[in-house]
Amino acid sequence: MPSTTKIPVGILGATGTVGQRFVQLLEDHPWFEVAWLAASERSAGLAYQDAAKWKLTTSIPDRIAHMKVSAAAPDGAPRVIFAALDAALAQDLEPKFAAAGHVLITNSSAFRMHPDVPLIIPEINDDQLALIDRQEWRKSKGRGCIVTNSNCSIMGLAIALAPLAEQFGLEKVFAVTMQAISGAGYPGVASLDILGNVIPYIAKEEEKMEAEAKKLLGKMHNDQLQLADFAISAQCNRVAVEDGHTESVSIKLRKPASAEQIIAAWRGCKSNVAQLNLPSAPAQVIHYDERIDRPQPRLDIHRGKGMTTTIGRLRACSIFDWKFTVLSHNTVRGAAGAAILNAELLKVKGYLEA
Ligand code: NAP
């Protein structure tokens with residue numbers, strides 16, 4: 001039975017790759033308790049353990065295993081919903097939930113670039129939450145809203161760039177990604193396509209990275225978001241790694257900075273919301289690793305329970321100023337963990353109250 005002290009939450013797309021991560025990360029969460037699971041018509045009516053092809057190394061929590069999967073509609077769903085649906089579906093379904101008074105915290109790209117929808121990484125841009133009050137759903141009686149987290153490929157990079165943009169200014173960014181197969185969902189990329197191979201194309205990924213970077217690093221002025229002003233070019237590749245997106249990045253700064261100053265900016269990176277002690281916030285936002293061959297996904301992905309961004313290999317770039325490697329866990333920091341952290345921020349700021 002659900003406890004009465006925790007906030008009941010639902011997961012839309014609960015059987016998928018990100019949905020499963022939500023189930024795992026919300027087990028024993030101090031504030032939230034999963035009370036509703038929804039997926040496609042194929043899964044609706046089944047017990048969760050029969051509907052989900054569970055792929056995580058921890059077991060399905062007992063209480064969840066026997067929970068019945070609901071249809072993906074607002075009726076009977078709790079107010080707070082974590083969503084992990086394909087963008088085309090989300091485009092249609094997410095506004096229905098917001099209009100019905102739900103606080104929809106989503107991983108899909110459908111509304112990330114909407115001018116009234118915050119694209120939040122609490123550590124670097126919590127001020128974007130103010131955009132919620134401009135949403136028509138929020139102004140209506142139900143007081144629903146949509147809050148998004150970024151694409152998994154820009155998440156770690158945005159966190160790495162934020163302290164540099166703040167201290168030295170950013171002029172240009174060039175990033176080449178090596179993205180894990182879990183980023184493609186399940187069943188995702190066919191094994192015959194990816195084993196022993198690199199696929200130099202991920203649909204719409206480069207466009208999302210480039211657009212979202214400017215919103216994530218934008219600044220609020222008079223309740224409006226001004227996009228950050230720097231040039232960014234991304235090249236995205238799928239590689240045969242299970243979890244963790246690794247990126248090779250070159251940057252040009254507006255003010256000169258030494259390697260020591262850049263590393264100090266990363267090591268000194270303080271979360272904007274550190275004082276709130278949010279349960280899913282990593283103790284260390286960024287870890288800079290001095291070792292010559294790090295970060296590596298297999299060895300470094302679980303740092304900070306998957307919520308810490310690991311950076312390494314800072315060195316001079318002969319085309320731009322500096323180059324480095326960044327690693328971020330795509331289904332934790334880049335998806336479910338990020339959304340849960342956003343929900344924790346929304347709770348503390350009073351947005352989960354009706
Ligand atoms: P996925 O593994 O393919 O899971 C998709 C989920 O959507 C499943 O629960 C599926 O339910 C459900 N679904 C499919 N058709 C539906 C329908 N007609 N009505 C209701 N539910 C339906 O995908 P994923 O990787 O978890 O990604 C989900 C979203 O998160 C996508 O927008 C993706 O771009 C985004 N995202 C993913 C990652 C990542 O690392 N994977 C990171 C950041 C963001 P059934 O099992 O019943 O089919």
Side-chain angles (χ1 to χ4, degrees), residues 10-25 34 36-56 60 64 67-74 77 81-94 96-97 104-113 119-121 146 148-158 177-189 202-205 207-209 212 216 236 238-239 241-246 297 301 306 327-342:
I11 306 173
L12 190 52
T15 50
T17 303
V18 176
Q20 292 183 22
R21 225 12 124 184
F22 274 122
V23 167
Q24 182 193 53
L25 295 178
V34 176
W36 184 86
L37 302 163
S40 76
E41 283 179 7
R42 295 178 290 278
S43 303
L46 298 177
Y48 184 77
Q49 64 181 1
D50 298 326
K53 293 187 175 63
W54 186 259
K55 295 293 163 197
L56 299 176
I60 304 179
I64 302 293
M67 202 180 269
K68 204 169 170 187
V69 177
S70 299
I81 299 289
F82 292 108
L85 296 174
D86 175 73
L89 270 171
Q91 187 77 40
D92 173 51
L93 268 177
E94 291 183 348
K96 291 184 178 154
F97 277 80
L104 192 105
I105 303 156
T106 178
N107 280 281
S108 107
S109 59
F111 292 92
R112 285 184 195 142
M113 295 306 293
L119 180 61
I120 294 278
I121 301 177
I146 296 182
T148 62
N149 49 265
S150 79
N151 183 282
C152 45
S153 57
I154 192 60
M155 175 66 75
L157 179 54
T177 72
M178 291 153 274
Q179 298 184 219
I181 47 176
S182 60
Y186 187 82
V189 189
I202 303 175
K204 298 188 188 151
E205 195 81 348
E207 294 85 342
K208 286 186 214 168
M209 266 188 91
E212 291 175 27
L216 288 164
C236 296
R238 187 75 70 197
V239 298
V241 164
E242 194 178 334
D243 287 317
H245 292 351
T246 310
I301 201 64
L327 171 71
S328 175
H329 196 308
N330 55 297
T331 64
V332 179
R333 178 80 254 194
I340 294 169
L341 186 60
N342 286 352

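Quick caveat, the model's predicted, so the values are computed rather than measured. For ligands, and for the atoms within them, numbers begin at 1 and follow the listed sequence.
Regarding atom 18 (N) of ligand 1, its nearest protein heavy-atom neighbour is L89 CD2, 3.6 Å. Protein heavy atom nearest atom 4 (O) of ligand 1, with residue, atom name and distance: G16 CA, 3.2 Å. For atom 19 (N) of ligand 1, the closest non-hydrogen atom of the protein is S40 CA, 3.7 Å. Of all protein heavy atoms, the one lying nearest to atom 27 (O) of ligand 1 is V18 CG2, 4.0 Å. Looking at atom 30 (O) of ligand 1, its nearest protein heavy atom turns out to be N107 CB, 3.6 Å. Ranking protein heavy atoms by distance to atom 41 (N) of ligand 1, first place goes to S182 O, 2.9 Å. Regarding atom 40 (O) of ligand 1, its nearest protein heavy-atom neighbour is N330 ND2, 3.1 Å. The nearest protein atom to atom 25 (O) of ligand 1, hydrogens excluded, is given as G185 CA, 3.0 Å; this is a heavy-atom distance.
Using a 4.0 Å cut-off to heavy atoms of A335, the atoms of ligand 1 that qualify are 42 (C), 43 (C). Residue-ligand proximity, G334 to ligand 1, at heavy-atom distances under 4.0 Å covers atoms 42 (C), 43 (C). Numbered from 1 in the order shown, with element, the atoms of ligand 1 that lie under 4.0 Å from a heavy atom of T331 read 40 (O). Near A72, the atoms of ligand 1 lying under 4.0 angstrom from a non-hydrogen atom of the residue are 20 (C). Residue-ligand proximity, S108 to ligand 1, at heavy-atom distances under 4.0 Å covers atoms 32 (O). Close approach of ligand 1 to C152 is summarised as follows: ligand atoms under 4.0 Å from at least one heavy atom of the residue are 42 (C), 43 (C). Atoms of ligand 1 lying under 4.0 Å from at least one heavy atom of R42, given by number and element, are 14 (C), 15 (N), 48 (O).
Surrounding CD of E242 are at most 12 heavy atoms belonging to other residues, nucleotides or ligands under 6.0 Å away. Environment of NZ in K55: crowded, with over 12 heavy atoms of neighbouring residues, nucleotides or ligands closer than 6.0 Å.
S328 places no side-chain N or O within donor-acceptor distance of the main-chain N or O of H245, the cut-off being under 3.5 Å. Judged by distance alone, the side chain of S108 and the main-chain N or O of A110 form a donor-acceptor pair under 3.5 Å. Of the possible donor and acceptor atoms, one in the side chain of R112 sits under 3.5 Å from a partner among the backbone N and O of N107. Looking only at distances, no side-chain donor or acceptor of E94 sits under 3.5 Å from a matching main-chain atom of A87.
Side-chain contact between I81 and W36 is present, with at least one heavy-atom pair separated by less than 4.5 Å. Looking at heavy atoms from C-beta onward, F111 lies out of side-chain contact with L104 at the 4.5 angstrom threshold. Counting heavy atoms from C-beta on, the side chains of R333 and I121 come closer than 4.5 Å.
Geometrically, ligand 1 and Y186 share a nitrogen or oxygen pair separated by less than 3.5 Å. By the 3.5 Å distance cut-off applied to N or O atoms, N151 is not counted among the residues near ligand 1. Some N or O of G13 is nearer than 3.5 Å to an N or O of ligand 1, by distance alone.
Residues A73 and F97 share a closest heavy-atom pair of C-CZ, 3.4 Å.
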(message) The test is side-chain hydrogen bond (donor to acceptor under 3.5 Å, both in side chains); show your working for S109 and N151 and say whether it passes.
(response) CA-CA 7 Å; S109 59; N151 183 282; over 6 Å; no
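Heavy-atom proximity to atom 11 (O) of ligand 1, evaluated over D92, T15, L12, L85, is greatest for T15. The option from A39, A84, S43 that lies nearest to atom 6 (C) of ligand 1, judged by heavy atoms, is A84.
With a 4.0 Å cut-off on non-hydrogen atoms, A14 touches ligand 1 through its backbone and not its side chain.
Applying the ring pair (Phe, Tyr, Trp, His ring centres under 6.0 Å) rule to Y48 yields no partners; only residues at least two apart in sequence or on another chain are considered.
Going from atom OG1 of T177 over to atom CD of E205 covers 7.0 Å, rounded to the nearest 0.5 Å.
For atom 33 (C) of ligand 1, no protein heavy-atom neighbour is present inside the 4.0 Å cut-off.
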